[in-house]
Amino acid sequence: MAIKLDTVGSAEDAGQGRVAPRILETRDHSVEIVSDSGEGAQKCGQIFGSVSAKMGNGVWTVEIIPAEVEPPPRSLAGASGIRIRLGDRPVTNWGDETDLVVAFNEQVLLGRHRLNSLKQGATIVLENMWASHPDEAVRNQWQAAMEELTEAGYHIIGVPMEDLCLTVVDNARKGKNMFALGLLCWIFDRDVDKAKEQIEHAFRKKSQAVVDKNHELLDLGYEWASQNLGFRVQVPTMEAERDMVVMNGNEAIALGAVAAGMELAAMYPITPATSVSHHLGEIFERFGGVLHQAEDEIAAAGVAIGASYAGRCAFTITSGPGLALKTEFLGLAVMTEIPLVLVDVQRGGPSTGLPTKVEQSDLLAAMFGQPGDAPKIILAPATIEECFHSMITARRLAEIFRTVVVVLSDANLATGVAPFHRPELLPEWQGGPPDQSAVPNDGRPYDWDERTGLSDRFIPGRPGGMHTVTGLAHDERSKVAYDSAINERSSAMRSRKLAAFSSTLLPPPVYGDPEGDLLVVGWGSTKGAIEEAVDRVREEGLNVSSLHLTFLSPLPPGLKEIFSRFRKVMTVEINYSDKPGEPFVNEQNRRRGQLSFVLRGTTLVDVDCWTRVLGEPLRPSAIVKAIKENLPEGTAGEES
Amino acid sequence: MSCSLFHLAEAEDDRVFEMSDYQGPVARWCSGCGDHSVLTSVQRILTDSQAKPESTVFVSGIGCSSRFPHYLTTYGFHGIHGRALTLATGVKLSRPELDVWVVMGDGDCVSIGAGHWIHAVRYNVDMVALMLDNNIYGLTKKQTSPTTPQGYKSNTQPYGSYLPAMNPLEATLGVTNASFVAQTAEWLPAHLFATLKAAHEHRGFAWVRILQRCPHFTADMYGDVVKDPSRVEMLVHDDGITVPALDKIIEHRVTHDPKDIHRARELAEESEQIRLGLFYRDESRPRYEQTRSLPHHTADEKMAIMQQEFDRYAV
């Protein structure tokens, strides 16, 4: 079968000069750049996303990361890249399928196709050097791939990237990404000067010669596109009413930690949490902060707790397997009432699971992971902006309530990049100096307030406050309890703190009408996709609303009352649940989504769930489908 | 937040501390337990050095010996099994002006916490780390520990311990950046005191193994050695630990310069005699908390730097 590629200087163009490109106007457009690892597709996409944000588009980018550092080249599972979704309004999630792909080889492209990542009829700009590769096996692979992709109905445009890049650099593998950026800048009419500024920033640690080469490649791609491509895409931009910043969720956590006045971060490398420490490693010392890379996950928790015990504000960063290892220390921090912020950037589990992929599977582990009763505060940022602010909130709560605060981020937020309003930084976030005043006579280190369970801490250095904190059950003086009534009372005091905190929270706002047929409840990074799905089905006339929970422990008040105004309540989560109708699964033994499990237990409402663990963020279209399939019986407009 | 604020309380301090100022409730260890003599030695050293009780922190793990901080009137952190060194590292990293001691048992230090032990030696954070080694798990009622001698019967290995005992001295001396390694014994209080004093004066991670008997489960462990001082060999040197009171009692002596790491490693090997003394000391070794000592900024200064950071992300 002959493969027909749209080209590149077709006869029509060559003979008659350049015809004006067709312009596609759209409010929402997704682009993917995919390559082998090490070809820099992510850098290309990050710069493209930043420039787009600077020009006033809503932007969300998400990285496509293979599990290995350098998977075999030209492999289906080795696709390394990035998706950038552009909008004419703030973009809150990665969307559905991709409209436009720039691919550096046909195999990684095929991998994306087979994962159903590409929209029907999507436009593909593809490196075509493989078609005439000297190795017959490669040519055959190309041929087979082209047949499959053509069959799928994509609009494929071949580009001689290798040959063109070799006119500028010796190793085209190190140049195609900036060439691709040039292509995209032309297609989307991006400001080339802004792109060049971003290149300078991205390569700030490299020589000027490297920057110049990359500028040249950008110009080359731009020029080539302007001469050869027959289409452009126009996504209207917004006027920014306030200063904006653009970063990913892990950068936001690192900056949030600094803004919160954190003084010590202890961690052990683990994907996808580690890059928080990369950002901290770069900036923390400027603020006098210490980033401690410990010998293991347990030690990281121990060092953070030790520092916090000594009066410094400290936190630890991890992911699922690390959370498991830190479990005993979390119990100790709860028991000794030492403030500790733990950031868990969730990934797929259990065990090593899906290290680079998103899941929301650590909620119950965070909540109940410790043997014994270990009440702690759990909050989940829903956006990259919230990643920043959650650190400030977490620090305050940890210190006021003398307990562990777990911040549940995830791989979607960690690598997602979106612009948000530049925060107005407040010096009071930094907190005051540790109290070193003498403890009044007969002061007690756990002088629990009977109503709230709160007490003041005596940190080392305070004269007269000497005592030994212990993980053993203890009384107000921190003396080891040999009386069972003390254990009952001290357990109550630690638990009371959560009830007291819960009483300060407001019922969460309902997105959409306050009553209706179905309420979708979510937490964490799924907020944008859920609300987009709710918007779509409401436009179709369905009475569906959503509710997003920031605090998972304690839960905010009023949930039962909110739920009562809907005929059905259903969580949407990225964790595993049994599907109704599966073999042996019935209403009693069905294992449900984690938030659903918690909400059923706390509200006694029959909260259903729809969850998936596909190793990718939820697509709004998938949620739309789930909503329609899960409407309560008798709903107006219900699909039969 | 200025570090100097931590020192405000130290201004014009003319307090004089007696030994009773460091004592806590009566220790609940068994009578005859070596932990009592370690506690007494430590209280003497605190008194001699006039350590401020509020600036002194004892961190421990889990086990009989880890009840140690409860019996002192200083700040204490009775943590979890094997992890005392990590907590202590956090304390000292964040508050270098505090005087930090760590008390561990053999299970704590060289079994469940072995990873932290090795790394703590390398970090060389300025603290005293005591391994109270009675060769058995006592609190949990006689289970084999890594230092239980081969063939010694316990509840978990009732036909005798299967493997040769671990030699923690050799292991410690093998770790890069070790800066103070000593061994002493609870039944020689003068040596114990002198060793702990030298450890306390050391700038860096001072690791001391204290040979002990558990009166319940390993009472016979060093029986012959206690009765027969010729089974002990003292490491002596002008730069080492000198205990004149023992000169007449312990006749076996080997001169060892504590700067000599190679000789230290040889002397640490198993031998007929139990060797006590200072195996190695090097105060020139880099200390982790010094490499991480950073200037402190006011909140306003930090805000100004934050703005610069945000500029990098500005759209």
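Heavy atoms only: backbone and side chains are in, while hydrogens, waters and symmetry mates are out. Letters A, B, ... mirror the listed sequences (proteins, then strands); counts begin at 1. Since the model is a prediction, treat every value here as computed from it, not as a measurement.
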Peer 1: Output the distance between atom NE2 (B/H78) and atom CG (A/L472), rounded to the nearest 0.5 Å.
Peer 2: 5.0 Å
Peer 1: Please report the interatomic distance CD1(A/I338) to CZ(B/F77), rounded to the nearest 0.5 Å.
Peer 2: 3.5 Å
Peer 1: Working note: A/F329 + B/L87, criterion side-chain contact (heavy atoms from CB on, under 4.5 Å); need CA distance, chi angles, decisive distance, verdict.
Peer 2: CA-CA 10 Å; A/F329 257 137; B/L87 293 165; 3.7 Å; yes
Peer 1: Do A/H292 and B/Y123 have ring centres separated by under 6.0 Å?
Peer 2: yes
Peer 1: Which heavy atom of A/S478 sits nearest to which heavy atom of B/H70, and what is that distance?
Peer 2: O-CE1, 4.4 Å
Peer 1: Heavy atoms only, distances under 4.5 angstrom: which of B/V91, B/I118, B/T89, B/I80 has the most pairs with chain A? Name it, please.
Peer 2: B/I80
Peer 1: Name the residue from A/V303, A/L332, A/I298 that meets the side chain to side chain contact (heavy atoms under 4.5 Å, CB included) definition with B/R83.
Peer 2: A/I298
Peer 1: Contact part of B/E301 toward chain A, heavy-atom cut-off under 4.5 Å: side chain, backbone, both or neither?
Peer 2: neither
Peer 1: Heavy-atom distances under 4.5 Å only: say whether B/P69 touches chain A with side chain, backbone, both or neither.
Peer 2: both
Peer 1: Tell me the closest heavy-atom pair linking A/A307 and B/S94, and the distance in Å.
Peer 2: CA-OG, 3.4 Å
Peer 1: Counting N and O atoms only, with roles assigned by atom type, does the side chain of B/R292 sit under 3.5 Å from a partner on the main chain of A/V290, one being a donor and the other an acceptor?
Peer 2: no
Peer 1: What part of B/Y288 is in contact with chain A, defined as an atom under 4.5 angstrom from a non-hydrogen atom: side chain, backbone, both or neither?
Peer 2: side chain
Peer 1: Using a 3.5 Å distance criterion without hydrogens, assess whether the side chain of B/K302 forms a donor-acceptor pair with backbone atoms of A/P427.
Peer 2: no
Peer 1: Say whether, by atom type as modelled, one donor and one acceptor occur between the side chain of A/Y309 and the main chain of B/G90 under 3.5 angstrom.
Peer 2: no
Peer 1: A/D296 and B/H119: side-chain contact (heavy atoms from CB on, under 4.5 Å), yes or no, with the steps?
Peer 2: CA-CA 10 Å; A/D296 60 36; B/H119 286 277; over 6 Å; no
Peer 1: Is it the case that more than 12 heavy atoms not belonging to A/R396 sit under 6.0 Å from its CZ atom?
Peer 2: no
Peer 1: Between A/E424 and chain B, with a heavy-atom cut-off of 4.5 Å, which part of the residue counts as in contact: side chain, backbone, both or neither?
Peer 2: neither
Peer 1: If you measure from the Lys or Arg side-chain nitrogens to the Asp or Glu carboxylate oxygens, is any gap between B/E309 and A/R286 under 4.0 Å?
Peer 2: yes
Peer 1: Calculate, to the nearest 0.5 Å, the distance between atoms CE and CH2 belonging to B/M303 and A/W429 respectively.
Peer 2: 7.5 Å
Peer 1: In terms of heavy-atom pairs under 4.5 Å with chain A, which of B/L85, B/T73, B/T74 leads?
Peer 2: B/T74
Peer 1: Start with the C-alpha gap between B/Y313 and A/R422, add the side-chain angles, then the distance that decides, and say whether side-chain contact (heavy atoms from CB on, under 4.5 Å) holds.
Peer 2: CA-CA 9 Å; B/Y313 295 97; A/R422 182 172 175 145; over 6 Å; no
Peer 1: Hey, which of A/A53, A/G288, A/G302 has the most heavy atom pairs under 4.5 Å with chain B?
Peer 2: A/G302
Peer 1: Just by distance, do the side chain of B/R95 and the backbone of A/P460 share a donor-acceptor pair under 3.5 Å?
Peer 2: yes
Peer 1: Counting only heavy atoms closer than 4.5 Å, note whether A/L264 contacts chain B via side chain, backbone, both or neither.
Peer 2: side chain
Peer 1: Within a strict 4.5 Å, meaning less than it, do heavy atoms of the A/R462 and B/E54 side chains meet?
Peer 2: no
Peer 1: Does B/H297 have its ring centroid less than 6.0 Å away from the ring centroid of A/F287?
Peer 2: no
Peer 1: If I measure from the heavy atoms of chain B, does A/H467 come under 4.5 Å with its side chain, its backbone, both, or neither?
Peer 2: both
Peer 1: Does the gap between the ring centers of A/F388 and B/F310 come in under 6.0 Å?
Peer 2: yes
Peer 1: Check whether B/I305 gets within reach of chain A through its side chain, its backbone, both or neither, counting any heavy atom under 4.5 Å.
Peer 2: both
Peer 1: Considering residues at least two apart in sequence or located in another chain, which fulfil the side-chain contact (heavy atoms from CB on, under 4.5 Å) criterion with A/M335?
Peer 2: A/A473, A/H474, A/R494
Peer 1: Could you tell me which portion of A/A304 (side chain, backbone, both or neither) has an atom closer than 4.5 angstrom to a non-hydrogen atom of chain B?
Peer 2: neither
Peer 1: Measuring from A/E328:CD to B/I62:CD1, what's the distance to the nearest 0.5 Å?
Peer 2: 8.0 Å
Peer 1: Could you grab the distance from atom CG of B/L93 to atom CZ of A/R312, nearest 0.5 Å is fine?
Peer 2: 11.0 Å
Peer 1: Assess whether atom CZ of B/R122 is packed by more than 12 heavy atoms of other residues, nucleotides or ligands within 6.0 Å.
Peer 2: no
Peer 1: Out of curiosity, B/L72 CG to A/M466 CE, how far, rounded to the nearest 0.5 Å?
Peer 2: 11.0 Å
Peer 1: Is chain B contacted by the side chain of A/L426, its backbone, both, or neither, given a heavy-atom distance below 4.5 Å?
Peer 2: backbone
Peer 1: Checking A/E263 against B/H296 for the side-chain contact (heavy atoms from CB on, under 4.5 Å) test, could you report, in this order, the C-alpha distance in whole Å, the side-chain angles of both residues, the deciding distance, and whether it holds?
Peer 2: CA-CA 10 Å; A/E263 294 167 291; B/H296 283 268; 4.2 Å; yes
Peer 1: Tell me whether the count of non-hydrogen atoms from other residues, nucleotides or ligands lying under 6.0 Å of OH in A/Y268 goes above 12.
Peer 2: no
Peer 1: If you measure from the Lys or Arg side-chain nitrogens to the Asp or Glu carboxylate oxygens, is any gap between B/R312 and A/E251 under 4.0 Å?
Peer 2: no
Peer 1: In terms of heavy-atom proximity below 4.5 Å to chain B, should A/R204 be classed as side chain, backbone, both, or neither?
Peer 2: side chain
